[in-house]
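All remarks here apply to the structure that follows.
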Amino acid sequence: MGGVRGILLDYSVLLRSAADDVNGDTGLSPGADNLLRRLRYSNIPTGISHEQGLSSPKESFLQEMSRTYSCSIFCLSPEANISSEVAQIWEDKGGSFIHVVSSCREDFYHKADCSGWLKVIVGSAEGKPTNDADYVFATGMSRIFIHKLEELPLVICHWNKKAMGKAILAVGYAMKPSREEDFAKRGAFPLHPTQNGLIFLPLNYELSISSQLQLVDAVLHKATDEILAVDMVSPSESSDRVTFTRNLQELQRYVKCQLDCCVIDPFNNILPVLDRLKIQEILIDLEKLNIPGGRKIRAPHFLKVDSFDKPGLEQRLAEAKLSLPSIVKPQVACGVSDAHSMAIVFKMDHYKDLNVPLPAVVQEYVDHSSLLYKFYALGGKIFYAVKKSIPNADTLLTLFADEGLKPLHFDSLKSLPVDKTQPNGDEHQIDLELVNRAADWLRTTLDLTIFGFDVVVQEGTGDHVIVDVNYLPSFKEVPDDVAIPAFWDALKEKIVSGKNKQARDIS
């Protein structure tokens, strides 16, 4: 038996009720917008059904929604054979159709052929049949009842897993909406099984997290989206330094109880990438990868600073092999609003008035011909892209000489002065073998599945300098038809490896 072949949403579950239409305007019901966005990128055909004689404003609104969310529109009568109607548009790939209707319209299409259909009824009253998908699947029932529209992805995920068996692994994911949208629109989070047997379920904090975790084999998270504060002053190196949102804390708590659920990646494993000082200290060991006579890969020179007014700063910078200009970054690397507030300092006496959050890390400014190599590690596969970057020091000095060489404050997530010539990745003939060794070493050292790091090649020496490391990057510079399958493979390899290890531990 196949999984979910198509999803038909009755207008009654999408449109606001008359009671909610304060101004008489037609609009979407609570949860409908998020659901339609997710179904648009689910790789499952989706349609909207409505009856004949619907008011013109509502029909026009549904037509607009169908265009916005790439849905088909079906105008049906109570006597319509729904199977016949959808067969004219949706390809027969086997499996079941899901028809989602409100409880007040559950019997509207009374002549529909129920074979191959599951009717999901939203807003059921007490005493209705079970909403246990396991029972519905096992008994061959054709109806399932849910309380809220937001529960539909769980039904789809559960139905696909039951229909396709152990060949399918479910990945629950948690991240901020804008990041989810970015991944989803590139096809990364389908509810329909991927070519390597994964389905993706958006974890919903408004529903029972415990119940959702029972459905999934793994949790993919971007915990840095859920940070409230990071304490860089405390000497502790534990997760106590990071204050997560209540939602993320709830997820952590329940994941601990779900022993057969793989976390990608364990929450403690991401702690080093939150701390620029810690990452710099880790990168020092890159020296072990260097071969005599070959190009070097290394960390930039750096120094932690707790105060810009403390006497002896100039001497400490010199001892750390730091010269001007230098780049100053907050020690906290992500998750808080000012983590990307940085500055380039040209003169020593400008440190005292520097507006960069403390504690900070002063980092070597590497002349690199305005070329930045962004590397992405997706499991064991490495990809990279070449981007324009900040000019060399002499160019910066010329650009800002008229302003008295005041510190250049900037947000690293926004634009910076860059060389306007087209980047040429062959100019330095980057040593991919060397960088790949570094990627393997970072993967083992950090124990991360998907991460990114930035490399610049120093003019004159040819040193490869890793200037930044981050967790679960977007890797959008890599073509989707290459990156997304590699992303899926990395996730599946991690899940299968975890399950195999668990089986060995039990035996």
Side-chain angles (χ1 to χ4, degrees), residues 224 227-235 241-243 272-281 283-284 299-368 370 372 388-420 454 456 458-459 465-470:
T224 53
I227 292 176
L228 295 176
V230 182
D231 180 7
M232 287 297 166
V233 179
S234 170
R241 299 173 68 187
V242 184
T243 303
V273 302
L274 303 180
D275 186 340
R276 288 192 173 97
L277 178 64
K278 182 66 175 177
I279 280 293
Q280 298 280 27
E281 292 170 342
L283 292 177
I284 289 174
H301 305 309
F302 68 94
L303 177 70
K304 179 185 176 182
V305 176
D306 294 309
S307 170
F308 296 124
D309 299 321
K310 192 173 182 179
L313 177 59
E314 186 170 3
Q315 182 179 345
R316 292 178 62 215
L317 290 169
E319 290 172 350
K321 300 180 181 180
L322 289 165
S323 59
L324 295 170
S326 55
I327 185 166
V328 186
K329 306 177 179 181
Q331 184 178 343
V332 59
C334 57
V336 295
S337 59
D338 56 4
H340 302 280
S341 299
M342 305 180 184
I344 297 173
V345 179
F346 301 98
K347 294 182 178 181
M348 192 65 218
D349 59 354
H350 285 166
Y351 269 104
K352 63 179 182 296
D353 298 319
L354 201 58
N355 186 25
V356 174
L358 292 167
V361 174
V362 181
Q363 183 176 296
E364 171 189 9
Y365 192 92
V366 180
D367 281 345
H368 55 289
S370 301
L372 178 70
K388 297 179 184 178
S389 183
I390 308 174
N392 285 354
D394 57 351
T395 304
L396 274 181
L397 290 169
T398 301
L399 286 173
F400 295 96
D402 293 341
E403 300 177 22
L405 294 179
K406 295 179 181 179
L408 173 60
H409 289 89
F410 63 94
D411 185 322
S412 62
L413 294 181
K414 298 178 182 178
S415 61
L416 275 170
V418 296
D419 193 310
K420 295 182 179 180
D454 296 345
V456 296
Q458 186 174 35
E459 282 193 0
V465 186
I466 296 182
V467 294
D468 191 26
V469 180
N470 52 82

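Values below: all heavy atoms of this structure, side chains included; hydrogens, waters and symmetry mates excluded. When a residue number appears, it is its place in the shown sequence, counting from 1. Since this is a predicted model, take the numbers as computed values, not measurements.
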Legend entry - Leu313 and Val305: CA distance, side-chain angles, deciding distance, side chain to side chain contact (heavy atoms under 4.5 Å, CB included) verdict: CA-CA 8 Å; Leu313 177 59; Val305 176; 4.0 Å; yes
Inset, instruction - Apply side chain to side chain contact (heavy atoms under 4.5 Å, CB included) to the pair Val345 and Tyr365, showing each step before the final yes or no. - result: CA-CA 10 Å; Val345 179; Tyr365 192 92; over 6 Å; no
Inset, instruction - Could you please spell out the steps behind the side chain to side chain contact (heavy atoms under 4.5 Å, CB included) verdict for Met342 and Ser412? - result: CA-CA 7 Å; Met342 305 180 184; Ser412 62; 3.4 Å; yes
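Heavy-atom minimum distance, Ser370 versus Pro391: OG-CA, 3.2 Å. Taking both residues in full, the closest heavy atoms of Arg276 and Ala339 are given as NH1-O, 3.0 Å, listed atom of the first, atom of the second, then distance. Counting all heavy atoms, side chain and backbone alike, Ala229 lies closest to Val336 at CA-CG1, 4.1 Å.
Rounded to the nearest 0.5 angstrom, Asn470 CG and Asp468 CG are separated by 5.5 Å. Note: Thr398 OG1 to Asn392 CG = 11.0 Å, rounded to the nearest 0.5 Å. Residue Phe302 holds its CZ atom at 13.0 Å from CG of Leu317, rounded to the nearest 0.5 Å. Here the CD1 atom belonging to Ile327 is positioned 5.0 Å from the CD1 atom belonging to Ile344, to the nearest 0.5 angstrom. Atom-to-atom distance recorded for Phe346:CZ and Leu397:CG is 6.0 Å, nearest 0.5 angstrom. One finds the CD atom of Gln331 at 10.5 Å from the CD atom of Gln280 (value rounded to the nearest 0.5 Å).
More than 12 heavy atoms of other residues, nucleotides or ligands shown are found within 6.0 angstrom of CD on Glu319. Within 6.0 Å of NZ on Lys352 lie more than 12 heavy atoms contributed by other residues, nucleotides or ligands.
Taking the side chain as every heavy atom from C-beta outward, Thr243 and Val230 never approach each other to under 4.5 Å. Contact check for Leu274 versus Thr224: side-chain heavy atoms found under the 4.5 Å cut-off. Side-chain contact between Val361 and Val328 is absent, with no heavy atoms from C-beta onward closer than 4.5 Å. Residues Gln458 and Glu364 form a side-chain contact, since some pair of their non-hydrogen atoms from C-beta on lies under 4.5 Å apart. Contact annotation: the side chain of Asp338 never approaches that of Pro330 to less than 4.5 Å [non-hydrogen atoms, C-beta and beyond]. Contact annotation: the side chain of Ser326 never approaches that of Gln363 to less than 4.5 Å [non-hydrogen atoms, C-beta and beyond]. Annotation: side chain of Glu281 is not in contact with side chain of Leu283 (no heavy-atom distance under 4.5 Å). Counting only heavy atoms from C-beta outward, the side chains of Leu396 and Ile390 approach each other to under 4.5 Å.
Side chain of Arg316 to main chain of Leu303: no donor-acceptor pair is present (N/O by atom type, distance under 3.5 Å, no hydrogens or angles). In this structure, His368 contributes its side chain and Val366 its backbone to a donor-acceptor pair below 3.5 Å.
Using modelled atom types, one finds no donor on one side chain facing an acceptor on the other under 3.5 Å when comparing Ser341 with His409.
Using a 4.0 Å cut-off between charged side-chain N and carboxylate O, Asp275 and Arg241 make a salt bridge.
Among Leu324, Asp309, Val356, the single residue meeting the side-chain contact (heavy atoms from CB on, under 4.5 Å) criterion with Tyr351 is Leu324.
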